[in-house]
Amino acid sequence: MIKITEKPIDIQKVIDATSSLGAGAVNVFIGTVRNTAHGKNVVWLEYECYESMAVAEIRKIMDEASHRWPLLGAAVSHRVGTLKPGEVSVAIAVSAPHRKDSFEACQFIIDTLKVKVPIWKKEIFEDGEEWISAQPNMERSYN
């Protein structure tokens with residue numbers, strides 16, 4: 001399951017999309033909007049996306065994760081539009097027979113998504129706004 005949506009993310013649907021009786025672990029990452037950044041109060045965020053390319057890139061990331069780890073399921077849902085602090089911006093679920101594979105694959109997917117997927121974020125502060133780099137440094141290495 002890959003979903004780009006302007007509506008609130010249904011986390012249970014993301015988890016259910018990875019359901020498998022063979023799963024010994026389901027790992028879930030939930031990204032939320034912080035109320036501060038760079039020492040300033042965040043009023044809201046705006047996410048913009050090139051949807052068809054974003055879906056294609058997420059699919060490539062999920063395929064690569066499935067080649068690296070023995071996954072039984074994976075799902076990604078990402079919000080676009082205006083989000084306030086506390087709202088869920090992204091949810092990722094991964095199921096695998098064993099927890100180590102599930103943890104590593106879930107982290108790989110969110111780390112790689114932030115580098116490769118064309119989703120842009122603008123932070124709106126009380127005194128201005130700033131587009132945030134879509135490609136933070138990726139310091140973790142994967143086997």
Side-chain angles (χ1 to χ4, degrees), residues 1-20 23-96 98-143:
M1 172 188 139
I2 299 171
K3 186 172 185 177
I4 307 290
T5 181
E6 293 183 7
K7 297 180 180 174
I9 294 172
D10 184 336
I11 295 168
Q12 191 59 52
K13 279 188 177 178
V14 177
I15 294 168
D16 290 347
T18 67
S19 178
S20 170
V26 176
N27 209 289
V28 180
F29 172 81
I30 301 169
T32 58
V33 177
R34 289 187 307 265
N35 67 353
T36 60
H38 318 291
K40 299 178 181 180
N41 291 329
V42 173
V43 180
W44 75 82
L45 296 182
E46 291 179 12
Y47 284 97
E48 293 185 8
C49 166
Y50 179 12
E51 187 169 342
S52 62
M53 183 178 272
V55 169
E57 288 299 317
I58 292 170
R59 182 157 320 284
K60 287 180 192 174
I61 293 165
M62 291 168 69
D63 288 346
E64 185 174 344
S66 292
H67 281 34
R68 290 178 180 224
W69 295 277
L71 303 183
L72 299 172
V76 173
S77 184
H78 203 297
R79 284 279 304 271
V80 292
T82 301
L83 284 77
K84 294 181 178 176
E87 290 190 270
V88 174
S89 58
V90 61
I92 298 170
V94 175
S95 66
H98 302 286
R99 69 179 178 272
K100 183 175 186 249
D101 294 327
S102 181
F103 275 119
E104 289 178 357
C106 193
Q107 183 163 5
F108 170 80
I109 290 170
I110 185 61
D111 287 350
T112 309
L113 182 150
K114 291 185 76 71
V115 172
K116 293 187 173 181
V117 176
I119 297 174
W120 303 279
K121 177 173 73 173
K122 183 166 62 174
E123 292 175 330
I124 290 75
F125 305 105
E126 294 168 331
D127 62 348
E129 59 189 45
E130 178 180 356
W131 283 100
I132 302 301
S133 172
Q135 300 182 350
N137 292 335
M138 205 168 146
E139 298 175 3
R140 183 173 171 83
S141 64
Y142 297 93
N143 298 330

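As the structure is a prediction and not an experimental result, all values here were calculated from the model. FYI, the numbering just counts along the sequence from 1.
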Test Val117 against His78 for side chain to side chain contact (heavy atoms under 4.5 Å, CB included), laying out the working first. CA-CA 11 Å; Val117 176; His78 203 297; over 6 Å; no
Out of curiosity, [X] [atom1] to [Y] [atom2], how far, rounded to the nearest 0.5 Å?
| X | Y | atom1 | atom2 | value |
| --- | --- | --- | --- | --- |
| Glu104 | Ile109 | CD | CD1 | 12.0 Å |
| Ile2 | Ser77 | CD1 | OG | 10.5 Å |
| Ile92 | Phe108 | CD1 | CZ | 11.0 Å |
| Asp10 | Asp16 | CG | CG | 8.0 Å |

Non-hydrogen atoms of [X] and [Y] that approach each other most closely:
| X | Y | value |
| --- | --- | --- |
| Trp120 | Tyr50 | CZ3-N, 3.6 Å |
| Ala75 | Ala17 | CB-CB, 3.9 Å |
| Val94 | Cys106 | CG2-CA, 3.8 Å |
| Lys121 | Trp131 | O-CE3, 3.4 Å |

Show the atom names and distances, to 0.1 Å, of all donor-acceptor pairs under 3.5 Å that link a side chain in residues 51-67 to residues at least two apart or in another chain.
unit_1: Glu57; atom_1: OE2; unit_2: Lys60; atom_2: NZ; d: 3.2
unit_1: Glu64; atom_1: OE2; unit_2: Arg68; atom_2: NE; d: 3.2
unit_1: Glu64; atom_1: OE2; unit_2: Arg68; atom_2: NH2; d: 2.8
unit_1: Ser66; atom_1: OG; unit_2: Met62; atom_2: O; d: 3.1
unit_1: His67; atom_1: ND1; unit_2: Asp63; atom_2: O; d: 3.1

Could you pull out all residues at least two apart from Glu129 that satisfy side chain to side chain donor-acceptor pair (under 3.5 Å)?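 Result, side chain to side chain donor-acceptor pair (under 3.5 Å) vs Glu129: Lys122.
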Tell me whether Ser89 contacts the main-chain N or O of Arg79 through its side chain, where contact means a donor paired with an acceptor under 3.5 Å. no
Is a side-chain donor or acceptor of Thr18 paired with a backbone partner of Ile15 at a separation under 3.5 angstrom?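 Yes: the side chain of Thr18 pairs with the backbone of Ile15.
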Please set out all donor-acceptor pairs under 3.5 angstrom arising from side-chain atoms of residues 25-47, sequence neighbours excluded.
unit_1: Arg34; atom_1: NE; unit_2: Thr36; atom_2: O; d: 3.3
unit_1: His38; atom_1: NE2; unit_2: Glu123; atom_2: OE1; d: 3.3
unit_1: Asn41; atom_1: ND2; unit_2: Glu126; atom_2: OE1; d: 3.4
unit_1: Trp44; atom_1: NE1; unit_2: Glu46; atom_2: OE2; d: 3.1

